[in-house]
Amino acid sequence: MNIQTIISNKVSQAMIAAGAPADSDAQVRPCAKAQFGDYQVNGVMAAARKLGIAPKLFAEQVVKGLQLENIISKVEIAGPGFINLSLDNQFITDKIEFALHAPKLGIDPVEPQTIVVDYSGPNVAKEMHVGHLRSTIIGDAVVRTLEFIGHHVIRANHLGDWGTQFGMLIAWLEKIENDNTTDIALSDLAVFYREAKHQFDSDPEFAQRARAYVVRLQGGDEYCRQLWRKLVAVTIAQNQIAYQRLNVTLTSDNIMGESRYNSMLPDIVADLITQGLAVESQGTTLVYLEEYKNKVGEPMGVIIQKKDGGYLYSTTDIACVKYRYETLGADRILYYVDSRQHQHLLQAWTIARKAGYIPESLPVEHHMFGMMLGKDGKPFKTRSGDTVKLTCLLNEAIERAGRLVAAKNPHMPEDELKKVAEVVAIGAVKYADLSKNRTTDYIFNWDSMLALEGNTAPYIQYAWTRAATLIKRAAINENINKNIDENGLTLPLVITDEYEITLAKQLIQFEEAVVCVGNEGMPHIMCGYLYHLAGLFSAFYEHCKILNAATEQIRQSRLKLVLLTARTLKQGLEILGIMTVERM
């Protein structure tokens, strides 16, 4: 159990013993400023108001009942009723020693859940662009975090591989196959889609044939299915190259496209009608939801089947969440989908709950994210105004990083330079996104993201490189699975210097950051933690002699801090999907 949770439980017990309601929230948070201590209790004032007691008086009663021996060395009541807590040094050293020897840096095992995470979700016959970046890398960071904690995670790449546009795409693929130009056309999916759309808009005969192919495809026509599978296969192959370059864990096995749920749709519509949830109106089937009102205050109608018998995204998303609960056995479902889809998703889930397809107790969470913007504050585009292809973005990042690394290491061998540039570039692009609160827009800036100073991936990667170099010079095996005693660090840890203490405190709070990312789906919390850790390690490195420490006791203690710092930085970056290199 992480320190914040331990303290929260203890404070809650003391508050209840002092007369607070059983559901009182202790609201324990890390102190914003070190001079106030390590943790602050903010929930006393709210509980005191409910009891009609002066907050400071109630805080004194809570403090008297606190049982935090061997954890907290100092308790202070501040202001109108805040309680500030300072960690005990022996508790800190014990936690450091435990983290060095225990699996997963000492993080407690959890009761594993089956968690389905929906992320990335590109479209067939469209090349991935920067608009897919946030969903892909934020979702993947959360997936990695949840797996590290100990949950069973099912990756769900909800590929856009169904719908009315596929009649157009199939008709165009049929035409170019007859013209023997398939390979050329499919080598650039963006061109393929654009040409198909132009033909659809300009040629009435082609458009009529395309519409007929939609019906045939949805009806299971093998000829249409064969062409459709070809489009899907080419798209998946191109997407997989992007995932590998981004160090994203998605594979073709994780694809759960819209087509997977097609066979469920007729039964769902029929069942919703039978239950009285859906009604027919002028040939269209709708579900009216009291929870959502239109502009005149009437219940909003959600269409689940069109007049021509076609189904909508709402129908697919109802089937999708039903499948994830009933077939995949989800205990929790997370969606990393554009914020503009929020109401649409909530409506689909509301219908699914009303129909009994998923229980009220099942957490289904839409983890929205903002947009990537250019320096002008507008959506990130090329100079000509086109959407930036993901491949082009990554190529430019590697080119820029290569120039920076070469300038810093003019004698680095070409093959090593190429590897370092790629690791630094991809890490920088990902971290620039992940370090921002996902709910906000952010400005994409090449110069700041590749800087060796500030809250960037290169800064944290360099901190790890520095720690790894120290470990190598001290002839310590940095393998996280090795017992540190095998490396001769047999003396007990003793920390007295202020730089040692502040670094050690940050190290033992790693579990709090991991758990928070898993609970809230906010990778920027881990980024903030790693940035702060890298800064504290840098200060420790500059002010404390390590290899040439005054005594062997101090040398070993400081090497233990270096070793745990290296492991924590590397594990934190791995959770974010960012790699490290031994030389930068």
Side-chain angles (χ1 to χ4, degrees), residues 1-15 18 20 24-49 55-96 99 106-107 435 437 455 495-517 519-520 522 524-540 543 561 564-565 568 572:
M1 189 180 298
N2 67 73
I3 302 166
Q4 189 170 333
T5 302
I6 293 171
I7 294 173
S8 293
N9 291 343
K10 295 286 187 181
V11 174
S12 295
Q13 291 169 11
M15 287 173 61
S24 296
D25 183 3
Q27 295 182 36
V28 175
R29 304 286 186 270
C31 285
K33 296 184 178 180
Q35 63 262 35
F36 298 132
D38 299 308
Y39 292 92
Q40 185 176 77
V41 180
N42 299 330
V44 167
M45 289 179 286
R49 281 195 294 270
K56 198 162 188 176
L57 177 61
F58 184 63
E60 291 171 355
Q61 295 174 8
V62 172
V63 167
K64 287 179 183 178
L66 275 179
Q67 296 181 3
L68 288 168
E69 297 80 10
N70 303 321
I71 299 176
I72 298 299
S73 61
K74 183 180 177 182
V75 180
E76 285 185 329
I77 298 174
F82 298 110
I83 301 175
N84 294 332
L85 308 170
S86 299
L87 292 172
D88 180 76
N89 259 25
Q90 188 57 51
F91 174 77
I92 296 169
T93 57
D94 290 345
K95 291 286 285 185
I96 292 287
I107 290 182
S435 60
N437 187 319
N455 190 10
I495 52 174
T496 55
D497 185 275
E498 62 173 306
Y499 292 101
E500 296 173 337
I501 293 170
T502 53
L503 176 60
K505 286 179 179 179
Q506 182 72 1
L507 286 167
I508 64 174
Q509 292 175 335
F510 178 63
E511 184 174 5
E512 292 174 14
V514 172
V515 170
C516 199
V517 174
N519 288 343
E520 300 182 23
M522 295 281 201
H524 80 278
I525 294 168
M526 178 57 67
C527 295
Y529 170 85
L530 294 175
Y531 173 54
H532 191 37
L533 176 60
L536 293 176
F537 174 71
S538 180
F540 164 77
H543 292 90
L561 292 177
L564 187 56
T565 298
T568 305

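Side-chain atoms are counted along with the backbone in the values below, which use heavy atoms only and exclude waters and symmetry mates. None of the values given here were measured: they were computed from a predicted structure.
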Problem - Those residues that, when tested against Ala47, pass side chain to side chain contact (heavy atoms under 4.5 Å, CB included) (two or more places apart) - result: Met15, Ala20, Ser24, Phe58
Handout entry: Interatomic distance, Ile92 atom CD1 to Ser86 atom OG [nearest 0.5 angstrom]
Key = 9.0 Å
Exercise for the section: Not counting sequence neighbours, which residues clear side chain to side chain contact (heavy atoms under 4.5 Å, CB included) with Ala14? List them please. Expected result: Val62, Leu66
Exercise for the section: Kindly determine whether Val517 and Met522 satisfy side-chain contact (heavy atoms from CB on, under 4.5 Å), including the steps that lead there. Expected result: CA-CA 5 Å; Val517 174; Met522 295 281 201; 5.8 Å; no
Donor-acceptor contacts under 3.5 Å from residues 500-515 side chains, at least two apart:
unit_1: Glu500; atom_1: OE1; unit_2: Thr496; atom_2: N; d: 2.9
unit_1: Glu500; atom_1: OE1; unit_2: Asp497; atom_2: N; d: 3.0
unit_1: Glu500; atom_1: OE2; unit_2: Arg558; atom_2: NE; d: 2.6
unit_1: Glu500; atom_1: OE2; unit_2: Arg558; atom_2: NH2; d: 3.3
unit_1: Thr502; atom_1: OG1; unit_2: Glu498; atom_2: O; d: 3.1
unit_1: Thr502; atom_1: OG1; unit_2: Tyr499; atom_2: O; d: 3.3
unit_1: Lys505; atom_1: NZ; unit_2: Asp38; atom_2: OD1; d: 3.0
unit_1: Lys505; atom_1: NZ; unit_2: Asp38; atom_2: OD2; d: 3.2
unit_1: Gln506; atom_1: NE2; unit_2: Tyr529; atom_2: O; d: 3.1
unit_1: Gln509; atom_1: NE2; unit_2: Tyr39; atom_2: OH; d: 3.0
unit_1: Glu511; atom_1: OE2; unit_2: Asp108; atom_2: N; d: 3.3
unit_1: Glu512; atom_1: OE1; unit_2: Tyr39; atom_2: OH; d: 3.4
unit_1: Glu512; atom_1: OE2; unit_2: Gln4; atom_2: N; d: 3.0
unit_1: Glu512; atom_1: OE2; unit_2: Tyr39; atom_2: OH; d: 2.5

Problem - Flag side-chain contact, heavy atom, 4.5 Å: Asn2 against Thr5 - result: yes
Exercise for the section: To the nearest 0.5 angstrom, please state how far the CG atom of Asn455 sits from the OH atom of Tyr531. Expected result: 6.0 Å
Handout entry: Partners meeting side-chain hydrogen bond (donor to acceptor under 3.5 Å, both in side chains) with Asn89 (sequence neighbours left out)
Key = none
Handout entry: Residues which pass side chain to side chain contact (heavy atoms under 4.5 Å, CB included) with Asn42, listed by chain and number, not counting sequence neighbours
Key = Gln27, Arg29, Gln40, Phe82
Problem - His532 (side chain) donor-acceptor with Gly528 (main chain) under 3.5 angstrom - result: no
Practice task
Give the C-alpha distance, both sets of side-chain angles, the deciding distance and a yes or no for side-chain contact (heavy atoms from CB on, under 4.5 Å) between Glu69 and Gln67.
Solution key: CA-CA 6 Å; Glu69 297 80 10; Gln67 296 181 3; 4.0 Å; yes
Handout entry: Within-4.5 Å side-chain heavy-atom neighbours: Leu561 and Ile495
Key = yes
Fill in the blank from the handout: d(Cys31 SG, Asn84 CG) to nearest 0.5 Å is 4.5 Å
Handout entry: side-chain hydrogen bond (donor to acceptor under 3.5 Å, both in side chains) partners for Thr93, two or more places apart
Key = Gln90
Practice task
Mind checking side chain to side chain contact (heavy atoms under 4.5 Å, CB included) for Lys33 and listing every partner two or more places apart, or none if nothing turns up?
Solution key: Gln35, Phe36
Exercise for the section: List the steps, then state whether side-chain contact (heavy atoms from CB on, under 4.5 Å) holds for Leu57 with Glu60. Expected result: CA-CA 5 Å; Leu57 177 61; Glu60 291 171 355; 3.8 Å; yes
Exercise for the section: Mind jotting down which residue pairs meet the salt bridge (charged side-chain N to carboxylate O under 4.0 Å, His left out) criterion with at least one end in residues 75-88? Sequence neighbours excluded, please. Expected result: Lys74-Glu76
Handout entry: side-chain hydrogen bond (donor to acceptor under 3.5 Å, both in side chains) against Ser538, all qualifying residues, sequence neighbours excluded
Key = none
Problem - Gap between atom NZ of Lys95 and atom CG of Leu87 - 0.5 Å precision - result: 10.0 Å
Handout entry: Approximate separation, where rounding is to 0.5 Å, of Gln13 CD and Asn9 CG
Key = 6.5 Å
Handout entry: Nearest atoms (heavy-atom pairs only) where Met45 meets Pro80
Key = SD-CG, 3.6 Å
Practice task
Taking all heavy atoms of Val41 and all of Ala26, pick out the closest pair and write down the distance.
Solution key: CG1-O, 3.3 Å
Exercise for the section: Please round to the nearest 0.5 Å and tell me the distance separating atom CD1 of Ile72 and atom CD1 of Ile83. Expected result: 11.5 Å
Fill in the blank from the handout: Smallest heavy-atom separation, Val44 atom then Gly81 atom, equals CB-O, 3.7 Å
